[in-house]
Amino acid sequence: MGLNRHLPNILSFSRIAIGLIIFLLLKEATLFSTTIAMVLLIVGLLTDYYDGKLARKNKTVTLFGKWVDPFSDFALFFFIYLSFYTLELMPLVLFILFLARELSMYLVIRPLSMVKNLDPGAKMPGKIKTALQITGSLLILAMLITNQLGFIPYNLVDSISKYILTLLVRVSVVSLFWYIKPLILKPQAELGKEEQLTKIIFNLVISFFLFHLLSGSMIALVFDIDFHLTAIFLLSVILYHIFLLWGLNQLKDAFFNEETKATLTRVNLPILLS
């Protein structure tokens, strides 16, 4: 029973070691080392599946386990993405966005979730993000193996990998929305009309922010824009949307129906387009 109790956490922690070994193997850049790295990533996928399954089966689901599982996923992909960065398959701006997303989760969002007595465990968008990360990483490793076998040129691996990693990081950043939302907004059933409007304004601005952030990153990647210029642009996007969110909340009293004078409980299409 003692081993069964700790086995899920052992499986979770094993992904940290797997990530480090994958990093060391990919540095060798040989057909053998890349193949072993790919096998280890599949093993990591199996540990991610079985740690939660065993915890639920043995009724040993704990708050600590809910922290360890996603943190181990982060550590695994930190080493994998670091490998891709050192192989020049992942642009620096994408690696920084990945780190910013993960650090915000563990330094801000999860601690705040615990303070508000919210479940810090992974949500469905986070699980989808992890599944896509595994699929995309396996595809890149498969292309590296194909290149090392002499079937495709490295520049093709490089080009396709950048598009795959851009998609993975975009999904990762977007998934933050479902973790931030419960910290700021009450459940819909508990909201008054003005609070419902505040929630809709928040959702709207966050949606625009994510679109601008991710489309800007994509443009910087495709056109190989200087990193410092990209960083300045992304900072301006953050500041602009903070100002937009503040401004709309200051003006939300103007969101009413002229005929009935009732406060709007949604942002209608004309306002959305404006």
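For this chain, numbers begin at 1 and follow the sequence in order.
Across all their heavy atoms, Pro91 and Tyr85 have their closest contact at C-CD1, 4.5 Å. Annotation for Ser72 and Ser12: closest pair OG-O, 2.8 Å, computed over non-hydrogen atoms. When all heavy atoms are compared, the tightest approach of Gly136 to Leu168 is CA-CD1, 4.0 Å. Of all the heavy atoms in Ala75 and Ile16, the pair that sits closest is CB-CG1, 3.7 Å.
For Leu99, the side-chain contact (heavy atoms from CB on, under 4.5 Å) partners two or more places apart in sequence, or in a different chain, are Phe74, Phe78, Phe95. Partners of Thr130 under the side-chain contact (heavy atoms from CB on, under 4.5 Å) rule, at least two apart in sequence or in another chain, are Asp48, Asp73, Phe77, Gln133, Ile134. Leu25 pairs by the side-chain contact (heavy atoms from CB on, under 4.5 Å) definition with Ile21, Ser33, Ile36, Ala37, Leu40, not counting sequence neighbours. Looking at residues two or more places apart in sequence or on another chain, you find a side-chain contact (heavy atoms from CB on, under 4.5 Å) between Leu244 and Val205, Tyr240, His241, Leu248. When the side chain to side chain donor-acceptor pair (under 3.5 Å) test is applied to Ser161, no partner is found at least two apart in sequence or on another chain.
With hydrophobic clusters built from ILVMFWY side chains whose heavy atoms lie under 4.5 angstrom apart, Ile145 shares a cluster with Phe151. There is no path of hydrophobic side-chain contacts, each under 4.5 Å, that joins Val237 to Trp246.
To the nearest 0.5 angstrom, Ser137 atom OG is 8.5 Å from Ile22 atom CD1. Note that OG of Ser172 and CE of Met105 are 9.0 Å apart. Values are rounded to the nearest 0.5 Å.
With a 4.5 Å cut-off on side-chain heavy atoms, Leu144 and Leu87 count as touching. The shortest side-chain heavy-atom distance between Phe23 and Ile80 does not fall under the 4.5 Å cut-off.
A distance-only check finds a donor-acceptor pair linking the side chain of Thr47 to the backbone of Gly44 [under 3.5 Å]. Remark: side-chain polar atoms of Ser83 are paired, donor with acceptor, to backbone N or O of Phe79 under 3.5 angstrom.
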Item to check | Leu46/Leu11 under side-chain contact (heavy atoms from CB on, under 4.5 Å): CA gap, chis, key distance, verdict | outcome: CA-CA 9 Å; Leu46 294 174; Leu11 290 175; over 6 Å; no
Item to check | Steps toward side-chain contact (heavy atoms from CB on, under 4.5 Å) verdict (Ile18, Leu41) | outcome: CA-CA 7 Å; Ile18 288 171; Leu41 180 53; 6.0 Å; no
Checklist entry - Could you walk me through whether Ile164 and Phe84 pass the side-chain contact (heavy atoms from CB on, under 4.5 Å) check? => result CA-CA 12 Å; Ile164 291 173; Phe84 292 157; over 6 Å; no
Item to check | Candidate pair Leu132 and Leu167, rule side-chain contact (heavy atoms from CB on, under 4.5 Å), full reasoning | outcome: CA-CA 9 Å; Leu132 288 175; Leu167 173 64; 6.0 Å; no
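Listed by first and then second residue, the salt bridge (Lys or Arg N to Asp or Glu O under 4.0 Å) pairs that reach into residues 26-36 come to none, sequence neighbours excluded. Counting only residues at least two apart or on different chains, the salt bridge (Lys or Arg N to Asp or Glu O under 4.0 Å) pairs with a member in residues 83-106 are Glu102-Lys129. Sequence neighbours left out, the pairs with a member in residues 148-161 that pass salt bridge (Lys or Arg N to Asp or Glu O under 4.0 Å) are Asp158-Lys162. For residues 231-244, no residue pair satisfies the salt bridge (Lys or Arg N to Asp or Glu O under 4.0 Å) rule, not counting sequence neighbours. Residues in residues 138-153 take part in these side-chain hydrogen bond (donor to acceptor under 3.5 Å, both in side chains) pairs, two or more places apart or across chains: Thr34-Gln148.
Counting heavy-atom neighbours within 6.0 Å of Phe243 CZ, excluding the residue itself, gives a total of 12 or less.
Screening Ile160, Leu156, Leu89, Leu138 for a side-chain contact (heavy atoms from CB on, under 4.5 Å) with Met143, the sole residue that qualifies is Ile160.
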